[in-house]
Every structure is written in structure tokens, then in C-alpha cells.
Amino acid sequence: MSELIVLSRWQQRPPDHRVATDLGSAIDQRSLELRVLGWIAALQMHPGNRWAVHHSDSFEFLCILLALWQMERTACIPSDNRPATIDRLRHELDGLVGEFEDAKTVTAPREDCVSRERDWIVPQAESIALEIYTSGSTGTPKSIHKTISQLECESAVIESLWPSQADSVILATVSHQHIFGMTFGLFWPFSSGRAFETRCCEFNEDIRFKAVHYPRFALVSSPSHLGRFSSSIDWAGIEGRCDYVVSSAAPLARADSLEVGRLLAAPVREIYGSSETGAIAWRLQQPDQPDAGWHTLPGVSLELGAGDRPLLRSPYLGDVESYELPDRVEFDPDGGFSLLGRADNIAKVEGKRVSLAAIENILITSDRVKQVKALTVERARVETACVMQLSPVGQECLQMLGRRVLIDDFRKQLLQNFEAVVVPRRWRFVEEMPYNRQGKLPLENLRALFAKTEALWPQVLEREVDENQVILRCLIPPQLIYFDGHMPERPIVPGIAHVHWAAHYGLELFPIHGHFERLEVVKFMQVILPEYPITITLTYNDKNGKLSFRFESDRGVHSSGRICFSR
Amino acid sequence: MGDLHHELKQKIIDALELEDIEPADIIDGEPLFVEGLGLDSIDALEIGLMLLVTYGINLKADSEETRQHFTSINALVALVETQRSK
């Protein structure tokens, strides 16, 4: 276990202590001190207590924070640096420091006239060190304050549960702009004397690319990345080097947890927490047990409060004695608990909190919109979606501009305010919102509008396109719309679909200008059943405008014929 | 339009389950992310996975270089043509 030097006493480390790393090269305590002095010099030229901080480099971010705290100022941490986000916060801020698209930003530390000596202060334990912003259920962002002592206490609690290996380098796929990345990727490693990599890993390949530089590492990540770990990436070179993986933002699927644990040969610890409360509980999936329950961190407790909402007590809650959680939980007999989802109008998309009300509030300001409902739907991932009743102006736009332009406009409006990940990409424009007889708008009615559409076409696996011949190798999807009612006992692809598909692909792939006129020599020899692999061969004779088609498989020819197009 | 261009567009649409978008709507030289098609960082992960599974492409380099490969369909086609192993 390494010695914990709390955040407010960071100057106690020796000058050659390794604070951060950048692809194998170390950044030491001496560089950190100089950099903090530089930021102090740059910030001293501007008055004001409350500073928005955004920087993509974790080392710079930490230096800015330490500089602000030396000046007894507060670091305000927006989750992103989008102009609209900053405009919303501007009236609460005295300045911007780091990476913002704003001319008044303090962008770099001063390297000239920096005195190498300074009487470092120990910041007041109870002064407000951080202010972070998060989605409130009403749509208005909520600000959360953290004191230095809260941050220090949280790191100490985590360290008491999982003592650090001093030589381990921290890699992260999550940003330090969010509280989980800040605590687990920055504050805890920094206090426990472990180096953190300055740049975030955007892709899973980056993890390996960075990890090869270090004999030992730990990974701070989220289900977005861990759910997409692939055994095809060559983890072999680094598998014994990982001390642990820590994941937060949303529960990690058990299968994903086990797979990551197997590939990296390391424990995958999940954290349940929130911006308001910091870390609350943890769990570790085991191959030979069913879904693991959550267990509170040392000193943290959870009980059912009034209205069945869980009530949290924790040593780093600040000046509140207890906090009512927005999640529904179920206590297990063994003292652990399970999470049952949120009890309010906040959704989580890829671990990012988004207020559906806030999406609706922005869209409803458009004169094209009469009524709008935002929701989440589960497809390849959990996504946001919108059901909208257009105003007469909106109806006109839909007819004049088309669906794509209209959707693009709405998306652009939302991208001003939200990260792309949480902006809806599925839209339904309805004549009437799907109210039930009680006049309510049940979620199921909205979700039903996004049910997977039945397949209209074969699934094309491969295509060979020549000048006048096309070969399509396809699979017949079992959910094909034509199977409905077509031989209830034994679904088959109706003959008309063969002709329809041939004409469709012919028109798409050949320069056919005429329209469908008649059929010639059409023969249906064998039926096509669901999931058959089929090869469709299309030949186009440009001279007479005839498209020949043939559907065949291992079973022989299923159908053939000619479609004549008008000249 | 080259075959691989079309193939990649279709694979992106399938992998991301995009709606309201046909291969022809994706312009070869236009940005895939933020402007243009408007994809996001999670989509980038999905596309990375698709490249790995379909073409055996391992994105070895750093994020900056990967971001270059992901700028447009043209860039992706160049990546697949030079680095595919299946």
C-alpha cells in the first residue's frame, strides 16, 4: 500500500516523483510545480473566483485545478466545452481557463517571469474546490459543490478498500471532466502516488498502444468501451500487466465484465455512484456465480427511507447528513443490493445522464413543433428518440424540405446543447400523439412506434457488379414482411417478391431508364423458405431493355424470368 | 461509385442501425462525424469493431491517426484497401 498524500498537501512529494506519463515518458513533481506556478501567473492577471475549466490533457487539467486552489478560487467543471453549455453557465462564472472556443479564455500558463519559489498554502479543507454540473430532472442543469476534504476523504476510502500498487500507471477511456474519471483517473492515483497517462484512450486499440509502455497499469473505463472489447484485438502482450479495471457510469453487463476480465487477466471492479454523492458501492462479477450484488464502500451505508427511496449516508457527502438516491434498489439477504433503474425523468445513454425534459424543452421552442415526447429505446445500444406532432408550419417544412432536412435541423439545434451521443437519431412524426383512453401517454405506446420494422428485402451478404451482370449472394431474413399470412403453417417467399426484388436491384444497379412494362418466360420451380442462402443473378440487355433474373441455391434454380422495361 | 465505397456505407448503416439513411445519402468525401452524417464517439467504437471483425483491421496507431482514417468514406476506403487482412 502506498502512502496517501492528500490533495491539499501535494507539495510533499520529492522533486523526481513521477506524477504523470505520456506514452512512456515521465512527467515529474518538479515539472508539476513549475506548471502550477505558470498557471497561477496567468490567472493572477484576472480577478474573479469562479473559473470554468476544460482541458483535454489530464496533466494540464490537474495543474489548473491546483493553481486555482492555491489562489483560493473555485474550479467549475462543465461536462463539455460546447458554446451553448458555456453560455448557459456564463452568468455564474468569472472566467474560462483551458480549452474553450472563446476569445477571453486563459489558454496557457505563463512561462516567463515565473518565480520558482512560492510559499505554497494548504487550501482550507471546507472551501469549495469544485463545482460540477449535471442534468437535473426538470431540464435545468444542477450544480454540485465539493470541498477539498470531501475529495480527500473519498480517495482515502477507496484506498482503504483497494490499496494501490505504486508502480501502476493509470490509463483511462473516460474523461476527467466527469466526476468518476476525475476521482478514479486523477485524484485517487495522484494522492496515492501513482502516475496517470495525460491523454485519454478514445479507442480500445489505444489502451494496448499506451499500455505496452508500462510494466503495470490499471484501466479506468465504462461500459461503452468495455462492452466493445474484442477478442480480435491482440491483448496477449499486456495481459499479465493489468492490476485492475474499474468501470462506472452504468452497470456493465455480466458477460462483458467476464470477457474483459478474461482478456486482461484482471479483476473488473464496477462502481455505482453519482456526481452528487461520489462513489457509493462496488461489485465484482464471478464466472461461477449469478449476477453479483452491489456492496457499499467502507463507511458508506444505504437504507430504505420514506417513500421507499434509498437513503445514503457517507463520510464524503459534505454538509448534508443523508442523501435520497434517485435510483430504485432492492436489498439482498446477504447485505448487498440490486439496482432497479431510475425513479425520475433522467435517462442514461451509454452512461451519460440526459434529461429527456431538457430535450423536449429545447425542441418545443421551434415553431415547427406542436408537441414532442423524448424517450429512450433499446436497439444496438440504448438511444434517445423523439415522437413529435408537427405544427402546421412544421407540416409544411416536412412536405417542402423532406424528412431528412427537418430531422437534421432538429438535431443541429440539440447539438448546440447536448453531446452527440445523447441526441435522438430516431424520429417519428405523428398526426396525433398515441394517448390511451385515460388521456395518458404511456411509454409503451411511444416505444411501439420504434419497434423494429419488418424486413422488406433479402439480406445481401456479397455483391459482384459487372457492366451488364450482377450477382447478389443473400440470406432470406426470417422476419420478412411477406411471410405474414403467406402460408401460415409454412412460410414461403411469394413469387411476386422474386419479381419485385429483381426489378428493385436491377433499377438500382443498372442504368435502366424506363419503367416496368411486362414479364416474360417467368417460371417458379421451387419455393424459397426463411433463412435460405440464395444467389440472385441479374443480367441486363441494354439494347432491348430486358432484365433477366434467376434465383438459385444449393437446391437448384428456384425461379427465373425476364422483366421488360419501357424504352 | 466503387464497390467498396458502397459496401462500407452499407456496413456502417447496418452496424449502427441508422434510420432515414441510404448508402446514396452518404457522400464519399463528407465528414462522418459531428457535421455531415453526425455520428458520435460511440459510433466510432462500433465502426472500429466492424473494421476489425469484417476486414481484420487492427487500429494500431494513436487516436489522432485513427481519427484521420474515420474522417470520411474515402478515408475509410483507403484504410481498408491498404490494411485489410480478410
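A note on names: the letters A, B, ... follow the listed sequences, proteins ahead of strands, and every chain is numbered from 1. Predicted model, so just to flag it, every value in this text is computed and none were measured.
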Quick one: CD on A:Glu350 to OG on B:Ser41, what's the gap to the nearest 0.5 Å? 8.0 Å
Test: A:Lys352 and B:Asp40 ion pair at under 4.0 Å: no
Find the distance between CZ (A:Arg463) and CD (B:Glu7) and round it off to the nearest 0.5 Å. 9.0 Å
So how far is it from B:Leu45 CG to A:Phe229 CZ, rounded to the nearest 0.5 Å? 11.0 Å
Structural part of A:Arg403 lying under 4.5 Å from a heavy atom of chain B: side chain
If I measure from the heavy atoms of chain B, does A:Arg381 come under 4.5 Å with its side chain, its backbone, both, or neither? side chain
State which residues pass side chain to side chain contact (heavy atoms under 4.5 Å, CB included) with A:Val212; sequence neighbours excluded, sorted by chain then number. A:Arg208, A:Ile238
If you count the non-hydrogen atoms of other residues, nucleotides and ligands that lie under 6.0 Å from CD in B:Glu22, is the total more than 12? no
Is there side-chain contact between A:Glu508 and B:His6, with heavy atoms separated by less than 4.5 Å? yes
Residue pair A:Glu205 / B:Ile57, side-chain heavy-atom distance below 4.5 Å: no
Over all atoms of both residues, closest heavy-atom pair of A:Asp234 and B:Asn58: N-ND2, 4.4 Å
Chain B contact via A:Gln459 - which portion, at a heavy-atom distance below 4.5 Å: neither
Listed partners of A:Thr198 passing side chain to side chain donor-acceptor pair (under 3.5 Å), at least two apart: none
Structural part of B:Asp14 lying under 4.5 Å from a heavy atom of chain A: neither
Using a 4.5 Å cut-off on heavy atoms from C-beta on, say whether the side chain of A:Arg228 contacts that of B:Ile42. yes
Salt bridge (charged side-chain N to carboxylate O under 4.0 Å, His left out) assessment of B:Glu19 paired with A:Arg425: CA-CA 8 Å; B:Glu19 277 191 5; A:Arg425 56 164 52 145; over 6 Å; no
